[in-house]
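A short write-up of the structure that comes next.
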Amino acid sequence: MTSTLDRPATAPVPRLVDQFERGLDAPICLTWELTYACNLACVHCLSSSGKRDPRELSTEQCKAVIGELQRMQVFYVNIGGGEPTVRSDFWELVDYATAHQVGVKFSTNGLRITPEVAARLAASDYVDVQISLDGATAEVNDAVRGAGSFDMAVRALQNLSDAGFRDAKISVVVTRHNVSQLDEFRELADRFGATLRITRLRPSGRGADVWDDLHPLPEQQRALYDWLVAHGDGVLTGDSFFHLSAFGDGSSGSALPGLNLCGAGRVVCLIDPVGDVYACPFAIHENFLAGNVLSDGGFRTVWQHSDLFRELREPQSAGACASCNHYDSCRGGCMAAKFFTGLPLDGPDPECVQGHGESLLAGDRSKPSANKDHSRGVPLQLMTRPPSRDCDENPLAGFAPA
Ligand code: SF4
Ligand code: SF4
């Protein structure tokens, strides 16, 4: 990797996006899944979570990783899982990270955000909370995340708001069933003084099994793009909809804000619960495994020297997208979405707004199987209607709130 620090003082200053394409000395978007354990069984879970893996990093090993992140000047880390708060050392690790200048943004289904925890979070300047919600109503949300999960998330938002926590995030994976609720999500966020964050459904983990039924239809993709152009100010997207920029006409008002770049292994990566480092949180597969923080010399060594990340930082071929007029804004879309739908990595995205994905999906393809699955028994089945009784699925089974 070309180090931005090693450039001669007289060399021309490269554009920021070019620097990002060649990779940085440290990731700017590092996701760290602390555990595969989860009280829920969301049908689209990107990490197929459910049961804890006995090899998960210990408290001391996690602290060693945090020390490395501090030395690499990684200013914040996105912590997820599984449900990270079910780790008994979760708050200890959060405190350790913030005491070592590594800010924490953690994603939770709300399980442990009690009034007491909310008060504690409100007192910290270095912790941000993201509550996952995949429907603006219980009916839509619980069909994907399990009965009772809407109420649990809203209760957490209420506790945070009551405690004076400012600007929590409501994190929504956009699906065929909630894309018409974007205004309602925004109202919900406003009600709790929160910010709406919407991201793309990828066919990763258990998401591969439900992607065909849940990913927004072509006309919904268009509606989503129009909504983002008209109402997207202040809505966070993690730059995850850059394939939709191809709807634009190239004028400045038609582009979605962001880098329009697959950051996998360049500015983005994932550390999983056992310390494996992947190019992207949505690419948990041996093809995208760069190394392990325990067995391969630590996170810095993996990030800066792994063969996979070196390869991803080389200029990528536009392949079948080279002749497309929209390539500059779309860049062929998402590597993980292509991989897990069995499409060539140098071809169009499965949700290509020019319709090329649909024809490819209709042809012969072989979808890779996931090489990690921590689902607990039979995961939640995608429900097309809410359960008849609240107790049909119990998201809290086995997890007494702390
Ligand atoms: S693989 Fe997809 S989700 Fe991952 S960084 Fe690239 S574009 Fe983003
Ligand atoms: S053909 Fe490729 S570059 Fe063009 S819109 Fe489709 S995915 Fe994007």
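The structure presented is a predicted model; accordingly, all values stated were derived computationally and were not measured. Counting starts at 1 for both ligands and their atoms, following the listed order.
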| message | Can you report which non-hydrogen protein atom sits closest to atom 8 (Fe) of ligand 2, along with the distance? | response | C330 SG, 2.3 Å
| request: Could you tell me whether D346 and K338 make a salt bridge, using a distance below 4.0 angstrom between a side-chain N and a carboxylate O? | output: no
| field | atom 6 (Fe) of ligand 2 - nearest protein heavy atom and its distance | value | C352 SG, 2.3 Å
| task | Output the list of atoms in ligand 2 that are nearer than 4.0 Å to some heavy atom of Q354, sorted by atom number. | result | 5 (S)
| Check: G291 main-chain N/O paired with D296 side-chain donor or acceptor under 3.5 Å | no
| request: Answer yes or no: is there an ion pair linking D95 with R120, defined by an N-O contact shorter than 4.0 Å? | output: yes
| said: Looking at K372 and D53, is any side-chain nitrogen of the basic one under 4.0 Å from a carboxylate oxygen of the acidic one? | reply: no
| field | ligand 2 atoms in contact with D349 (distance to a heavy atom under 4.0 Å) | value | 7 (S)
| So does C324 have any N/O/S atom less than 2.8 Å away from atom 2 (Fe) of ligand 2? | no
| R112/E83 salt bridge by N-O under 4.0 Å criterion | no
| With a cut-off of 4.0 Å, which atoms of ligand 2 are near a heavy atom of Y327? | 3 (S)
| Any donor-acceptor pair under 3.5 Å linking the side chain of R266 with the backbone of C262? | yes
| Relative to the ring of W211, is the ring of H215 parallel (under 30°), tilted (30 to 60°) or perpendicular (over 60°)? | parallel
| query | Of all the non-hydrogen atoms in the protein, which one sits nearest to atom 2 (Fe) of ligand 2, and at what distance? | reply | C321 SG, 2.4 Å
| task | Would you mind running through ligand 1 and noting each atom that sits below 4.0 Å from a heavy atom of F242? | result | 7 (S)
| said: Counting C-beta onward and ignoring hydrogens, is there a side-chain heavy-atom pair between V74 and R71 closer than 4.5 Å? | reply: no
| Could D226 and R222 be called an ion pair, given the rule that one side-chain N must be under 4.0 Å from one carboxylate O? | yes
| query | Can you name the one residue among S48, S375, S49 that meets side-chain hydrogen bond (donor to acceptor under 3.5 Å, both in side chains) with R206? | reply | S375
| Is NZ or CZ of R52 both nearer than 6.0 Å to the six-membered ring centre of Y36 and within 45° of the ring axis? | no
| message | For A246, which part has a heavy atom under 4.0 Å from ligand 2: side chain, backbone, both, or neither? | response | side chain
| Protein contact to atom 1 (S) of ligand 2 [nearest heavy atom, distance to 0.1 Å] | H356 CD2, 3.5 Å
| Going by chain and residue number, what protein N/O/S atoms come nearer than 2.8 Å to atom 2 (Fe) of ligand 1? | C334 SG
